[in-house]
Amino acid sequence: MEKVRTRFAPSPTGMMHVGNLRSAIFEYLVAKHNNGDFILRIEDTDQTRKVEGAIDFIYDTCSLCGLSPDEGPRNGGEYGPYIQSERLPLYKEYALKLVELGKAYYCFCSEERLNELRAVADTNKIPFLYDGFCKKYTKEEIITKTSNGEAYVIRQMMPKDGISTFIDIVYGEISIENKLLEDQILLKSDGYPTYNFANVIDDHLMAITHVIRGNEYLSSTPKYNLIYDAFGWEKPAYIHLPMVVGADGQKLSKRHGASSFMDLYNDGYLPAAVVNYLAFLGWNPETTDEIFSLEELAKLFTPERISRSPAVYDVKKLNWVNAHYIKKLTIDELLAITVPHLQAAYDLNSKTGEWIKELVMIYQNHLSYGKEIVLLTDLFFKEHIEISGEALEFMNSDSSISNTLNVFKDEINSINSWTIDNVNIAINNTKEKSGAKGKLLYMSIRIKVSGQMHGPELPDTIHLLGKEVIINRLSK
RNA sequence: GGCCCGUUGGUGAAGCGGCUUAACACACAUGCCUUUCACGCAUGCACUCACGAGUUCGAAUCUCGUACGGGUCACCA
């Protein structure tokens, strides 16, 4: 059997969006499930949108996520080059071949004429399709025009009747009437190919067996198939992925929060957790388990189980998955994703390394992502804490509370050696001397010293806060 | 507007003609655990699968229509 080859083909336009990453994951998974190769190809045919450094970004994201390409611009391979701007002569050669085959033609139409055509279509409320005006030129006319330096593009010549049908592994049989297909541009006037052309040429030349991409390409796939047919090439298997949308059902974009992978990474999300979560966007294994490593996913992954309906990118679920991974982290790994955020937000100069370590540790089970540590621990860095809302209500709910807190303050004061055990003894003594117990004892103290109703173990919290701060807060 | 795709609970999502009295997870509620909250554990939570019709002994599952949502119609990918 021929070796399975998939490709991730991003355009280097900046950030790597979670939607792109998710495509890359699926592409990687299909390849690895079949012991195949995963290829990285850079589609930089739009010179106006090119962003410097974007290729590094793509590589960094892939390597953080464990999606290392078997072939690509940095590591090479026998099908290179893997950057489309370095393959320009190839596209021209194939475009010209297509002209010779009568499946493409030169077009000299100006932008003005095209705009007029569009305006007419618009007022008539019909879809705009290029009218094929330039098909009329003879070979001689074309030679004259081009040697005069007239700008031209090369357009694909579409059949005017019949129906094109293809099978998509996810969506099944898709049929589209040929008369709806536009004579799309293959080669732009700047000599660069369009995506529509370069993509097909490269997929074939690079021996890609499975084309995996977003379902926005579903309706244009027949156009690509026509190119394969014109050259007599074998067509790849198609796997179109359901779109990733935000909670409002709209296509995922900036306003849905941190949807660039690097933003997530910088906020202390773990790549393994993000990959795990993203793999479940529009796919699931038959089991009900949800936590899998990349290797496990590769074993399990079958494109037949990809869903057809849009997948909702849900940060709450991501948080849950990420929290799951955080709970398994070693202390050093945990420090790595939290301490930089603490440093950025608070003055840590007066704190010892031990203290910071203890702080981070008691929050390990409470953390959804690294940066959240800043939100959760502000009670350790604030000069004044405020008691309000439900917490204030609780403090006013029983007249015995202020006496309990006074007793507790005395107990804290009498501690000589500041240890968690001694803090515990102080709490126990307070219970005996004041008669307060359970919630009335613990919650009162918790609120008074932290201002919050939830948090890690109370003795741990008190110990970390320090005797001086505790006395201070109990005195207010 | 034409064409293509989708529509299961508060949310995400299984289900692919009888094994479904519709998984599982998040959220929520209750109980247990912990001398407190949380964590963890247990239990509960869709008399029903957008709506209408049809096929069938039998439909969330197949067909058609309607409604709603999305995608696509660039010298962008």
Side-chain angles (χ1 to χ4, degrees), chain A residues 9-13 20 43-49 84 107 109 111 114 118 121-122 124-130 151-155 168 170-172 174-177 179-182 184-196 198-199 213-222 240 242-243 245 247-251 280-291 304-305 307-314 316-321 323 327 363-366 391 394 424 427-428 431 436-447 450 452-458 461:
Chain A
S11 54
T13 52
N20 288 144
E43 309 219 325
D44 60 344
T45 55
D46 186 351
Q47 291 298 296
T48 60
R49 296 208 310 163
Q84 290 187 327
C107 172
C109 288
E111 208 180 320
L114 258 20
R118 256 187 277 272
D122 209 48
N124 292 334
K125 297 213 172 200
I126 54 165
F128 167 75
L129 285 182
Y130 177 68
Y152 67 92
V153 300
I154 290 181
R155 308 186 90 111
D168 179 85
V170 174
Y171 287 90
I174 304 283
S175 294
I176 290 173
E177 287 185 77
K179 65 176 179 200
L180 267 17
L181 272 19
E182 188 185 26
Q184 62 179 351
I185 293 174
L186 267 17
L187 210 62
K188 302 187 250 187
S189 55
D190 65 359
Y192 279 77
T194 59
Y195 163 87
N196 301 121
N199 197 260
R213 48 153 76 125
N215 76 1
E216 63 265 32
Y217 295 107
L218 210 46
S219 12
S220 35
T221 298
H240 284 92
M243 185 149 304
V245 299
D248 54 2
Q250 302 287 119
K251 190 172 177 174
F280 274 73
L281 241 36
W283 175 86
N284 71 81
E286 290 201 53
T287 61
T288 57
D289 299 334
E290 300 192 281
I291 304 296
E304 287 77 16
R305 291 192 62 79
S307 153
R308 277 177 286 271
S309 38
V312 178
Y313 176 76
D314 179 11
K316 283 201 301 205
K317 192 74 180 247
L318 205 211
N319 283 344
W320 177 79
V321 175
K327 289 184 177 107
Y363 277 94
Q364 182 161 19
N365 285 332
H366 297 255
F394 181 88
N424 242 321
I427 294 173
N428 278 328
K431 176 191 164 195
K437 60 180 179 179
K439 196 167 184 172
L440 220 41
L441 172 68
Y442 270 77
M443 193 50 82
S444 306
I445 297 174
R446 180 184 288 286
I447 292 174
S450 75
Q452 295 177 2
M453 296 185 80
H454 314 291
E457 291 299 326
L458 190 52
T461 308

Quiz item: Ignoring hydrogens and angles, are the base of B:rC75 and the side chain of A:S189 linked by a donor-acceptor pair under 3.5 Å?
Solution: yes
Practice problem: Examine the base of B:rC37 for any acceptor or donor lying under 3.5 Å from a partner atom in the side chain of A:R446, and report the outcome as yes or no. | Solution: yes
Exercise. Give the rounded distance in Å between these two atoms: CG of A:L129 and C1' of B:rG1.
Key: 13 Å
Quiz prompt | Proximal nucleotide (of B:rU36, B:rC4, B:rC75) relative to the A:L114 side chain | solution = B:rC75
Practice problem: Indicate yes or no for a side-chain donor-acceptor contact from A:Y171 to the backbone of A:R308 under 3.5 Å, with no hydrogens or angles considered. | Solution: yes
Exercise. Using the closest heavy atom to pick a nucleotide of RNA chain B for each, name whichever of A:E290 or A:P10 lands nearer the 5' end.
Key: A:E290
Quiz item: According to the Watson-Crick and G-U wobble definitions, with both distances under 3.5 Å, which nucleotide is paired to B:rC19?
Solution: none
Quiz prompt | Nucleotide paired to B:rC33 in any strand shown, Watson-Crick or G-U, under 3.5 Å | solution = none
Quiz prompt | Donor-acceptor contact present, side-chain A:T194 to main-chain A:I185, <3.5 Å | solution = yes
Quiz item: Roughly, in whole Å, what's the span from OH in A:Y195 to P in B:rA74?
Solution: 16 Å
Quiz item: Atom CZ of A:R308 to atom C1' of B:rC4: distance rounded to whole Å?
Solution: 14 Å
Quiz prompt | Paired nucleotide for B:rC51 [Watson-Crick or G-U wobble; both distances under 3.5 Å] | solution = B:rG65
Exercise. For A:L281 and B:rG12, give me the distance from atom CG to atom C1', rounded to whole Å.
Key: 10 Å
Quiz item: What is the distance from CD of A:E43 to P of B:rA77, rounded to the nearest Å?
Solution: 9 Å
